[in-house]
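Residue numbers start from 1 in every chain, and the chains themselves are labelled A, B, ... in the order their sequence lines are given, proteins ahead of strands. Both backbone and side-chain heavy atoms feed into the values below; hydrogens, waters and symmetry mates do not.
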Amino acid sequence: METGRYLRLLRRMNWTILGSIIVLAVVGVLFVRSACYSNIVEDQSAVRYQKQVMWSIVGFVCLIGFTLVDYRKLARHAWWAYGAAVFLLILVLLVGRTVHGGRRWLWFMGIGFQPAEFAKVAVIILLAWIMGLKTFRTDSYSSAVLVLAVVGIPTLLVSRQPDVGTAAVFVPVIFTMMFVAGFSWRILLSLILVGVVVVSVFVGALFLPAKLGCSPETQARITKVTGAKPYHRQRIETFLHPDSDPLGAGWSRMQSEIAVGSGGLWGKGYLNGTANILGFLPRTVAPTDFIFSVVAEEAGFAGALTVLCLFGATIAGGIRVAAAASDRLGRLLCIGVVTMLFTHVFVNVAMTVGRLPITGLPLPLMSSGGSITVTTLIGLGIVQSVYVRRRIIRY
Amino acid sequence: MATSDTSDREMLRSYLVLAGMAAAFLFLVVSLWGIQVAHGSEYEQDLRRQSIRRVRLPGGRGRILDRNGVCLADNRSSYCIAIYLEELRQLGQIGRRNVTNVVYDVVCDLSDALGLPVVVTKGQISDHIRKRSPLPFLAWRDVGKKAVAILKEGTRRFPGVDIYVEPVRVYPQGEVAAHIIGYVGRAQSVPAENEVSYHYYLPEMEGRRGIEKTQDSLLRGRAGGLLLRVDASGYKYDLPGHREVMLDPVSGADIRLTLDVGIQRLAERVLGDRIGAMVVLDPRNGDILAMVSRPTFDPGWFANGISQADWSRLSEDENAPLLNRAVSASYPPGSIFKLVDVIAALEQGSGITGSTAFQCPGYYSLGGKAQLRCWNWQHGGHGLLAMRESLEQSCNTYFCSLVAKCGYREVYKTAVTLGLGSKPGCGIDAERAGQIPAVRSLVSKGDVANVSIGQGALQVTPLQMAVVTATIANGGHHYRARLVDAVSRPDDRTFRTMPLSRPKEMNWSRETLDVVRGGMYDVVHARRGTGRRANADGFDVAGKTGSAEYGRKEDRKKRGWMVAFAPYSNPRYAVAMVTDEAVSGGITVAPMIKELIEGIAQIENGMTAGTGR
């Protein structure tokens with residue numbers, strides 16, 4: 001009986017989304033293989049893309065699982081998920097493994113994972129539940145403050161890792177959710193104002209003291225108070241003047257742009273990307289943060305456009321699910337997941353083509369990495385869960 | 001209905017969000033179009049430029065010559081058997097996956113054909129392919145002529161295999177002056193060059209010890225660069241006749257030393273197998289004519305990379321063959337330090353003269369019952385002695401009394417002025433400063449007495465004592481000892497002599513010089529002189545002997561010293577020599593000084609053939 005009900009539910013899934021993400025995941029695995037591919041290291045590449053296959057399978061199993069679970073029941077346990085996420089984020093700060101200068105990894109039974117990715121989904125579920133409550137008022141500042149407090153704790157913890165890129169993803173996600181939830185323009189605009197002020201202070205703290213000729217001690221004190229780090233400034237400067245440090249921080253950015261550009265309209269062919277295979281694109285980041293430039297080099301504009309269209313279809317499908325959702329909770333869940341996906345895609349691709357500074361955000365479903373793949377697919381499972389329980393519109 | 005209104009508003013806002021996202025995607029697509037299609041060819045150019053790999057070519061290493069142009073360090077061609085990966089690939093032998101195995105098979109075939117054992121591992125091959133695939137892989141280094149001949153005949157059997165010539169350091173004089181020349185090793189760190197960064201570095205030798213080390217930057221020359229075009233898989237991809245040299249390497253400078261190989265050989269022969277050291281200086285300018293340290297090693301062992309076993313044998317030998325005892329070992333000088341006492345006392349200017357006399361009852365009283373025995377205490381002491389006689393007979397009591405009278409502060413000042421306690425800076429590595437105990441550190445009368453006869457905390461190196469001797473020999477001109485005479489210009493290879501530094505003038509009085517030099521003359525020529533065994537034919541020798549105990553007290557081991565200069569009236573050679581396990585300076589070292597000086601006299605007279613001159 002149960003099996004029959006599950007099958008009925010699965011038949012109601014959104015096939016546009018499912019089809020798109022399956023294609024994306026397959027393309028992702030293929031290009032992770034290419035990104036690790038070099039003329040000699042035969043064995044290492046195999047390990048990496050086999051791992052990616054495994055994680056994708058795990059992710060799709062989770063997707064099916066979360067489709068079958070009723071999102072309303074899930075949301076009732078949102079506090080637990082949130083609490084667990086915060087606990088893990090604190091744990092990672094204490095015992096996490098440091099990779100590339102950030103304490104981001106927890107190791108459990110030989111498998112590493114990044115609690116920050118998990119936290120994104122947990123925060124989305126909790127906020128959707130809070131804002132989906134019948135009693136939630138969208139016209140009061142106090143509820144806005146409540147929302148910000150809920151997001152603020154994990155955001156701060158993530159930015160302490162330090163992983164400002166991931167922490168920053170929360171901003172558009174939460175803002176879009178509040179926007180769709182119906183917060184009044186007055187509140188939304190004042191939030192934007194506050195955000196602008198905060199960012200200006202931060203950026204100002206990075207650049208102004210040096211410009212104004214403050215003593216190094218004063219500069220150090222200001223950086224300490226604001227939490228701005230020298231590498232933040234360096235990243236931004238590299239973005240503005242990539243030629244200033246062509247062999248250092250500007251290298252990946254320049255190489256990525258060259259790789260993308262040299263792909264041309266039709267690309268150089270699978271496993272034939274010169275920049276990629278010769279290792280101009282640093283081999284450490286090619287399969288992760290710069291997977292899109294591998295695609296763009298080897299499959300050209302045509303391939304890159306295809307990938308973007310698949311993401312576009314997924315996102316548009318997600319918004320349609322939001323519109324069709326039978327309640328506000330479901331709608332906000334979809335909006336949250338879709339915005340998270342969109343933010344990652346936009347920031348990552350814009351970074352690859354040199355339109356944004358390098359932030360280290362991976363491209364979901366394509367970049368090699370277990371945590372991001374699985375959490376993205378869990379999020380999309382929740383979207384499907386909303387869709388299979390959608391409102392039936394009768395005309 | 002309120003619910004419906006809310007729901008409508010939410011849907012409207014959802015679609016607004018979608019519109020925003022669509023706009024953002026449009027921006028990405030336009031950016032991509034701009035980079036990939038509109039400006040794609042420019043980026044393509046950029047990338048093609050990156051398919052050029054820069055290879056760093058080290059400059060040839062300069063030679064090291066003696067003062068007469070005899071070559072002490074040179075380079076020879078060493079034949080290596082190289083496998084050119086890109087040629088194997090063009091022959092269709094290499095797929096992507098089995099490069100390592102194909103190369104290894106080629107190595108094995110070569111091994112059979114040439115009769116050479118395989119010395120490379122698969123790991124080394126795959127490491128090479130991963131890191132330096134455009135460069136040839138060297139399967140054997142420094143192979144014999146036979147292997148080269150076989151390979152030349154059978155080139156067609158081994159496509160992609162060729163001879164690669166690599167320079168190797170050679171030391172034509174073998175072990176001669178090993179400590180001074182030093183040795184080289186394969187450079188581990190890449191020199192920081194601010195001009196261009198290279199993708200690949202050809203192996204380069206760097207000096208590890210001696211002149212090879214101190215003059216390394218001059219010897220190395222300037223590296224050049226070579227451009228190689230590589231294909232998408234990273235192998236060399238040559239357009240016919242396309243070999244771009246970006247920058248020609250410039251050979252390093254030749255270094256001409258002040259050493260005289262004839263005297264150096266002689267000095268090495270004189271010292272023989274004894275553990276010890278010797279320095280021969282030209283007192284007229286401070287040129288180091290010979291510098292010997294025993295035991296020694298063969299710098300040629302290092303030229304092709306020394307084996308781990310040889311290295312540990314050398315570095316763990318308790319006699320430390322790698323140690324240059326002439327500059328890197330410091331010893332108590334014993335009685336030769338009395339020369340410094342004499343100069344200090346006479347120059348101090350408070351009434352001490354050459355005729356100042358002290359009584360030697362066979363011991364020097366330290367107050368109470370404590371006493372310091374003079375070396376001939378059994379015969380009842382030296383009796384009443386003046387300064388020249390006390391030098392001649394090396395009377396301990398006399399010098400303890402002398403320093404007690406003039407004050408240790410004066411001795412300290414003179415020693416420091418003569419360069420004791422500081423590094424001589426002759427141009428070789430690992431010089432030691434030795435030690436002159438500070439005035440404050442000598443608290444008791446016994447401490448002062450000990451230092452006055454060259455014992456206690458006093459430490460000097462043979463080179464320092466040679467410089468002191470040279471300064472006495474030439475009448476008070478303190479030249480800095482020097483080892484590098486000239487450096488060749490890179491363009492026309494002519495030598496540019498290093499400017500002589502002006503000597504530090506001691507301004508000693510006539511009487512001081514007469515007493516010290518006369519005393520040293522008596523040491524060798526007087527009937528009771530401690531150094532009479534150094535009395536050589538040919539040249540008039542003047543000198544001073546010394547011995548100092550070392551090791552455990554019950555072993556009663558003595559280190560013998562002698563400093564000397566010759567000819568007495570017009571000194572051209574100043575020598576300091578020290579050996580372990582001597583009976584005394586006068587018995588063990590003096591005959592060696594005699595042999596040395598006589599040998600030098602013969603060399604000067606051009607009577608010795610085959611000394612390499």
Side-chain angles (χ1 to χ4, degrees), chain A residues 37-42 138 176 179-182 247 254-255 257-265 267-268 271-275 277-280 296-297 300-301 304-305 308-309 311-312 315-316 318-320 322-325 327-328 331-332 334-335 338-339 342 345-346 349-350 353-355, chain B residues 3 5-7 9-22 24-29 31-51 53 85 89 94 96-100 125-131 133 197 199 230-235:
Chain A
Y37 194 85
S38 71
N39 45 332
I40 182 66
V41 201
E42 296 116 6
T138 53
T176 313
F179 175 66
V180 173
L247 289 177
M254 218 170 70
Q255 292 305 328
E257 211 176 309
I258 290 176
V260 172
S262 65
L265 190 54
K268 300 176 191 164
L271 298 184
N272 269 324
T274 320
I277 287 177
L278 290 186
F280 289 125
E297 185 187 6
F301 178 70
L305 188 65
L308 279 185
C309 285
F311 275 118
I315 287 164
I319 298 282
R320 272 206 51 220
D327 54 10
R328 195 202 260 170
R331 190 168 294 133
L332 291 178
C334 291
I335 291 293
V338 165
T339 315
F342 164 80
V345 173
F346 180 78
V349 174
V353 297
R355 294 290 187 268
Chain B
T3 353
D5 279 355
T6 342
S7 171
R9 190 176 67 195
E10 284 171 14
M11 281 177 66
L12 176 69
R13 287 193 173 188
S14 297
Y15 284 117
L16 274 176
V17 167
L18 181 60
M21 290 179 178
F25 265 64
L26 197 62
F27 166 75
L28 289 183
V29 171
S31 296
L32 270 173
W33 174 270
I35 291 181
Q36 295 199 280
V37 184
H39 298 281
S41 53
E42 293 162 28
Y43 287 103
E44 181 100 45
Q45 287 285 325
D46 283 352
L47 188 66
R48 188 157 306 142
R49 223 174 302 134
Q50 295 201 59
S51 319
R53 294 302 169 91
L85 306 171
R89 220 167 86 89
I94 290 191
R96 274 187 192 272
R97 310 216 150 246
N98 55 358
V99 199
T100 308
I125 297 174
S126 73
D127 196 55
H128 176 90
I129 298 170
R130 189 159 56 237
K131 292 182 184 151
S133 54
S197 60
H199 293 96
V230 293
D231 66 8
S233 347
Y235 291 98

Taking the side chain from B:Q36 and the backbone from A:A296, do they hold a donor-acceptor pair closer than 3.5 Å? yes

Would you check, one step at a time, whether the test side-chain contact (heavy atoms from CB on, under 4.5 Å) holds for A:T138 with B:R9? CA-CA 12 Å; A:T138 53; B:R9 190 176 67 195; 4.0 Å; yes

Smallest separation among heavy atoms of A:I319 and B:S14, with atom names: CG2-O, 3.6 Å

Out of A:G318, A:G182, A:A322, which one racks up the most heavy-atom pairs below 4.5 Å with chain B? A:G182

Answer yes or no: is there a side-chain heavy-atom contact under 4.5 Å between B:F25 and A:I315? yes

Closest non-hydrogen atom pair, B:M11 against A:A323: SD-O, 3.6 Å

When every non-hydrogen atom of B:R13 is compared with those of A:V180, the smallest separation belongs to CB-CA, 4.1 Å

Where on B:L16 is there a heavy atom nearer than 4.5 Å to chain A: the side chain, the backbone, both, or neither? side chain

Would a 4.5 Å heavy-atom cut-off, applied to side chains only, mark A:L305 and B:L32 as touching? no

Count the heavy atoms belonging to other residues, nucleotides or ligands that lie under 6.0 Å from CZ of A:R320, then report whether that count exceeds 12. no

By a 4.5 Å heavy-atom criterion (distance strictly below it), what part of A:L308 contacts chain B: side chain, backbone, both, or neither? both

Do the side chains of A:F346 and B:M21 get nearer than 4.5 Å, heavy atoms only? no

Can you tell me how the ring of A:F301 sits relative to the ring of B:W33, calling it parallel under 30°, perpendicular over 60° and tilted otherwise? perpendicular

Report the option among A:G267, A:G263, A:G300 that has the most heavy-atom pairs separated by less than 4.5 Å from atoms of chain B. A:G300

Taking all non-hydrogen atoms of both residues into account, name the closest pair between A:G261 and B:I35 and its distance. CA-CG2, 3.4 Å

Under 4.5 Å from any heavy atom of chain B, what part of A:F342 do you find: side chain, backbone, both or neither? side chain

